[in-house]
Amino acid sequence: MSAKPGAATPTYSPKVVGRSRLPIFKDSDLDWSRPDGRGFPQCRPALLQTGAVSSASGSAYAEFGNTKVIVSVFGPRESKKAMTYSDVGRLNCNVSYTTFASPTLGQGTDHKEYSSMLHKALEGVIMMETFPKTTVDVFALVLESGGSDLSVVISCASLALADAGIMMYDLITAVSVSCIGKNLMIDPVTEEEGCEDGSFMMTCMPSRYEVTQLTVTGEWTTPNINEAMQLCLDACLKLGEIMRDCLKQAASASDE
């Protein structure tokens with residue numbers, strides 16, 4: 001687990017640097033508060049744990065505020081679809097929600113899209129050539145939907161792959177931002193996502209300082225895009241440190 005019993009749960013809030021342009025947060029916005037009381041550039045505390053599913057090759061549990069996700073990794077195992085020899089392995093990803101994850105109707109419509117986006121986020125970081133003619137299956141289950149579900153799923157899946165011993169170039173971290181009016185809110189909760197004018201999600205390899213994926217929807221100004229990128233990149237780097245600490249603690253515990 002990323003935090004010792006009794007210790008404060010770590011967070012990965014980005015550093016807000018000085019800007020030469022006018023600030024995004026106007027004086028008229030300062031009385032407006034987020035549903036969970038956080039500041040606009042403040043992320044939720046992140047609780048991470050590996051080895052959550054004993055029957056899997058690797059697994060991880062992530063709890064970011066009210067968003068709770070568990071990811072199981074199976075393989076590498078023989079690929080049933082591989083009729084001919086392949087120099088690289090195959091990756092299957094599936095994202096599903098429990099029936100009690102969210103009271104929102106129509107939640108299931110995002111499952112296939114989320115599975116595709118998870119696959120796209122992970123395929124570039126996994127060394128597929130290290131397991132030819134075999135398949136790695138990644139199953140993500142959202143236990144409770146509290147906002148920023150996909151970014152939590154991606155980060156948790158990366159941790160589960162590392163726990164399974166799958167060779168990767170680096171961990172993958174993901175952070176999202178919602179744009180509501182002139183305000184940017186990092187790591188949005190469900191209520192904020194429901195009234196956002198635009199959404200922005202970044203996936204990053206923190207140790208290599210490489211952005212691997214950007215997903216942008218809605219209307220964005222150039223200054224807001226730049227600001228969102230800075231916030232997400234800084235938060236991704238800090239989240240990567242929390243994830244590495246989680247893996248180090250798990251390795252130390254197994255040696256004892």
Please name all residues satisfying side-chain contact (heavy atoms from CB on, under 4.5 Å) with Ala228, sequence neighbours left out, ordered by chain then number.
Val177, Leu184, Phe200, Trp220
With sequence neighbours left out, the residues meeting side-chain hydrogen bond (donor to acceptor under 3.5 Å, both in side chains) with Ser158 are none
Quickly, which of Leu118, Val138, Asp137 forms a side chain to side chain contact (heavy atoms under 4.5 Å, CB included) with Leu91? Name it, please.
Val138
Take Asp149 and Tyr97 through the side chain to side chain donor-acceptor pair (under 3.5 Å) test and state the conclusion after the steps.
CA-CA 10 Å; Asp149 296 347; Tyr97 282 69; 2.9 Å; yes
Please list all pairs meeting salt bridge (charged side-chain N to carboxylate O under 4.0 Å, His left out) that have one or both residues in residues 138-147, counting only residues at least two apart or in different chains.
Lys68-Glu144
Connected to Phe139, directly or through other members, by ILVMFWY side-chain contacts below 4.5 Å are Phe74
side-chain hydrogen bond (donor to acceptor under 3.5 Å, both in side chains) partners for Thr203, two or more places apart
Thr212
Identify, with sequence neighbours excluded, every residue that meets side-chain contact (heavy atoms from CB on, under 4.5 Å) alongside Ser148.
Arg44, Ser151, Ser176, Asp187, Pro188, Glu193
Could you grab the distance from atom CE of Met117 to atom CG of Leu150, nearest 0.5 Å is fine?
5.0 Å
Are Arg77 and Thr134 close enough, and set up right, to give a side chain to side chain contact (heavy atoms under 4.5 Å, CB included), and what steps lead you there?
CA-CA 5 Å; Arg77 52 191 179 186; Thr134 56; 5.9 Å; no
Between CG of Asp234 and CE of Met202, what distance do you get to the nearest 0.5 Å?
10.5 Å
Could you pull out all residues at least two apart from Lys120 that satisfy side-chain contact (heavy atoms from CB on, under 4.5 Å)?
Glu123, Gln213
Between side-chain atoms of residues 164-172 and protein atoms elsewhere (two or more places apart, or another chain), which donor-acceptor pairs fall under 3.5 Å?
unit_1, atom_1, unit_2, atom_2, d
Asp170, OD1, Ser207, OG, 3.4
Asp170, OD2, Ser207, N, 2.7
Asp170, OD2, Arg208, N, 3.3

Thr217: what forms a side-chain contact (heavy atoms from CB on, under 4.5 Å) with it, not counting sequence neighbours?
Ser199
Rounding to 0.5 Å, atoms CG (Leu161) and CD1 (Ile126) come to a distance of 4.5 Å
Could you tell me whether the side chain of Val71 reaches within less than 4.5 Å of the side chain of Val69, counting heavy atoms only?
yes
